[in-house]
Chemist: 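Sharing a structure below in structure tokens format, with a few things to ask.
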2 protein chains.
Amino acid sequence: MASIREVAKRAGVAACTVSRVMNGTASVAPETRKKIEYAMRELDYIPNELARGMFRQRAGIVAMLVPSIRHPFFASLADCIENQLFFRGYKLMLCSTSGETEREREYLGFLKSNIVDGIIMAVSSLDREEYAALEKPVVMLDYYVNDSIPLVTADHRMGGKLAAEEFIRNGCRLVLHLCDEEKADRVVSFESHLELERILGEHGIESRRISISWNSPDMEVYTEEARRLLREYPEADGVMAADMVAAAFVNAALESGKKVPGEFCAVAFDGTYAADMNGRELTSVVQPVEKMAEKVVEIMARLLEKQRPKETDVRIPVTLRYGKTT
Amino acid sequence: MASIREVAKRAGVAACTVSRVMNGTASVAPETRKKIEYAMRELDYIPNELARGMFRQRAGIVAMLVPSIRHPFFASLADCIENQLFFRGYKLMLCSTSGETEREREYLGFLKSNIVDGIIMAVSSLDREEYAALEKPVVMLDYYVNDSIPLVTADHRMGGKLAAEEFIRNGCRLVLHLCDEEKADRVVSFESHLELERILGEHGIESRRISISWNSPDMEVYTEEARRLLREYPEADGVMAADMVAAAFVNAALESGKKVPGEFCAVAFDGTYAADMNGRELTSVVQPVEKMAEKVVEIMARLLEKQRPKETDVRIPVTLRYGKTT
DNA sequence: TTGTAAGCGTTATCAC
DNA sequence: GTGATAACGCTTACAA
């Protein structure tokens, strides 16, 4: 691997001049430039980004922490984010915590080690203090830390409202809604559940909040759980849950002879391709993944350039997409 | 960010002694060690990996190139690979080419720029020569380049055989099978199609090979295409395709009043969670993602350590999982 | 056991 | 317009 000095020697100039040609940081005589460009081509010279990064103290890499890459929602989001980062010249390091707190912590350490320049958090199992202490570019998805750490999230309250209204329109009497475990009350997405409960309550409709872990998406597990819950709540006639879980419920309901819709309604939360996979497309609250990715990366880019982000609390409207389950 | 020199100054020693403590590269007097460890803690010192990488000429990062992160198969594979890399102290940079050749080429450049130490290719739209010219750790999934670039792949021939036998058992007469575009004949996965055709042919069963692009998985597109093809081949009574595509076919077939199975059979290739999402789980040829990831990373790790890999052509057996579509 | 000095490959500063 | 020189933070001879 040719170094800048070898190129310089070959072109009969000093290393810094080669650098100037590459970066256009100063004017170089046309003739000198020619010689240098020739030498570069001849040696098939490619600058060493590791050395550049070392000098500038930046790696050009942004990490994204997710519970599991396989999860359709995070996979979709990661895809969009990678794309946005790419256009701005950053690379994506994708880190799967598998729901392990220790692993999340280890990944966070990448910031201090200068392995990455910033982190996008699509997972959050630590205490606020730990995130607050990072003092480096961090953008949270779905988890409020404090006013100085930007937050981007879908408008979950609105999602809960849209779902509730749909259940009401469908005349449901008992709606199950599944959220992510105990820590649920720390994330913004929990608002959809609160809002759902509130509105349904106002209309005299019952609801049951149920915890489920979805660190690693597995239809078999979900389906088994859905069957169990439908046995436990035989009068349930509605469910709100993440795409795959909602799909599992629809399958289980059909299995047990219920009509969907009619006797059982489902509203999928997220609205990724997973909500479409079922023969009957699921009615879903769609998180605008693309737009979220744009916002996240826009903010991250500003932070990386040491600028203050334009917004630090972005709530992006969701929409209700009508499918065949309500 | 404290540097090693600051730690050294604080502990009243030279920088190299601090380095020795961190890396255990030489014996250090217990007392000195104490002082250094104390200073490190006091300054909250974390070594700068960028500088370390620069010295060792390695980033500690492996890139994986995929057509789309969202695709269930690649998402699953990436998840396992990230996990395997993590245990060996490497990080994963996930790169989505979106099917664009130029973008693939740009990502490959990461090797020469020292941005990553190795690349795992789950995509391949370039000519063999370009891969052969890389001269750095590269492991191919599903695409044979030459004997010196290791290849890991599921045994697609076996997959084709298993699928064919299943169609035969089901008494199918015309089987559609969908593969990825023109370049299809360059990847090992194409063998499943050849084998399917061969065996079906031997049994006097017709088959049609159909090209489809799946760079970005989209159920709507697939379903529309499935409907169209079922209209074009009304006598079709079997299909082999990637999970999501197979699911789309099952949905379309049911829509058009066919019984599944009975009048129409489907064998999904891949067997990710996507094959389970449909209420009727799809009969599928399961690629052992976990095992593939293990092999890939094992080989990559050896290459990164400048050792010769134990195997350079790994074909991992697939299995047939019985679902409700045959 | 420890320190000095050089170097990894790049770029910025300051002369000339 | 160009070249020396130093610096980014770390590690490894080589010396002491």
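Sequence lines set the chain letters: A, B, ... in the order given, protein chains first and strands last, and positions in each chain run from 1. Values in this document were obtained by computation on a predicted structure and should not be read as measured data.
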Chemist: Tell whether A/Arg5 reaches the base of C/dG9 with its side chain through a donor-acceptor pair below 3.5 angstrom.
Modeler: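 Checked by distance alone, the answer is yes.
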Chemist: From the set D/dC10, C/dG3, D/dA7, return the single nucleotide nearest to any side-chain atom of B/Val13.
Modeler: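 For the B/Val13 side chain, the nearest candidate turns out to be C/dG3.
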Chemist: Going by the rule salt bridge (charged side-chain N to carboxylate O under 4.0 Å, His left out), which residues pair with A/Glu106 if we only count those two or more places apart in sequence or in a different chain?
Modeler: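 For A/Glu106, no residue satisfies salt bridge (charged side-chain N to carboxylate O under 4.0 Å, His left out) once neighbours in sequence are set aside.
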Chemist: The side chain of B/Ala29 lies closest to which of these nucleotides: D/dT11, C/dT2, D/dC8?
Modeler: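 My answer, after comparing the listed nucleotides, is C/dT2.
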Chemist: What is the distance from CZ of B/Arg52 to P of C/dC8, rounded to the nearest Å?
Modeler: 20 Å
Chemist: Of the nucleotides D/dG9, C/dG3, C/dG9, which has the atom closest to the B/Cys16 side chain?
Modeler: C/dG3
Chemist: Out of C/dG3, D/dC8, C/dT2, which has the shortest distance to the side chain of A/Gln57?
Modeler: D/dC8
Chemist: Can a side chain N or O of A/Ser19 be found less than 4.0 Å away from OP1 or OP2 on C/dT11?
Modeler: yes
Chemist: Using only side-chain N and O atoms of A/Thr17, determine if any of them is under 4.0 Å from OP1 or OP2 of D/dT2.
Modeler: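 No, A/Thr17 has no side-chain N/O under 4.0 Å of OP1/OP2 on D/dT2.
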Chemist: On DNA chain C, check which nucleotide each of A/Met1 and B/Ser27 is closest to and give me the residue with the more 5' one.
Modeler: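 Result: B/Ser27.
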Chemist: What is the distance, rounded to the nearest whole Å, between atom CG of A/Asp117 and atom P of D/dC8?
Modeler: 18 Å
Chemist: Looking at B/Arg52 and B/Glu49, is any side-chain nitrogen of the basic one under 4.0 Å from a carboxylate oxygen of the acidic one?
Modeler: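 Salt bridge present between B/Glu49 and B/Arg52.
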Chemist: B/Ile4 has an atom CD1; how far is it from atom P of C/dC8, in whole Å?
Modeler: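 Distance check: B/Ile4 CD1 to C/dC8 P gives 19 Å.
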Chemist: What is the separation between atom CD1 on B/Ile36 and atom P on C/dT2, rounded to the nearest whole Å?
Modeler: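 Between P of C/dT2 and CD1 of B/Ile36: 7 Å.
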Chemist: NA contact type, B/Asn23, heavy-atom cut-off 4.0 Å: base, sugar-phosphate, or nothing?
Modeler: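 Sugar-phosphate: the residue B/Asn23, judged by heavy atoms under 4.0 Å, touches backbone atoms but no base.
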Chemist: Expressed as a whole number of angstroms, how long is the span from B/Met22:CE to D/dC10:C1'?
Modeler: 7 Å
Chemist: With salt bridge (Lys or Arg N to Asp or Glu O under 4.0 Å) as the criterion, how do B/Glu294 and B/Lys291 come out once you've worked through the C-alpha distance, each side chain's angles and the decisive distance to 0.1 Å?
Modeler: CA-CA 5 Å; B/Glu294 266 174 43; B/Lys291 180 139 276 168; 5.4 Å; no
Chemist: Given atom CZ of B/Arg20 and atom P of D/dT11, what is their separation to the nearest angstrom?
Modeler: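 Atom-to-atom, B/Arg20 to D/dT11, this comes out as 11 Å.
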Chemist: Rounded to the Å, how far apart are B/Met54 CE and C/dA6 P?
Modeler: 17 Å
Chemist: How about A/Glu298: does its CD atom have over 12 heavy atoms from other parts shown lying under 6.0 Å from it?
Modeler: yes
Chemist: Can you tell me the distance, in whole Å, between the CD atom of A/Glu49 and the C1' atom of C/dT11?
Modeler: 13 Å
Chemist: Step by step, would you call B/Lys34 with B/Glu31 a salt bridge (Lys or Arg N to Asp or Glu O under 4.0 Å)?
Modeler: CA-CA 5 Å; B/Lys34 274 257 169 70; B/Glu31 237 183 292; over 6 Å; no
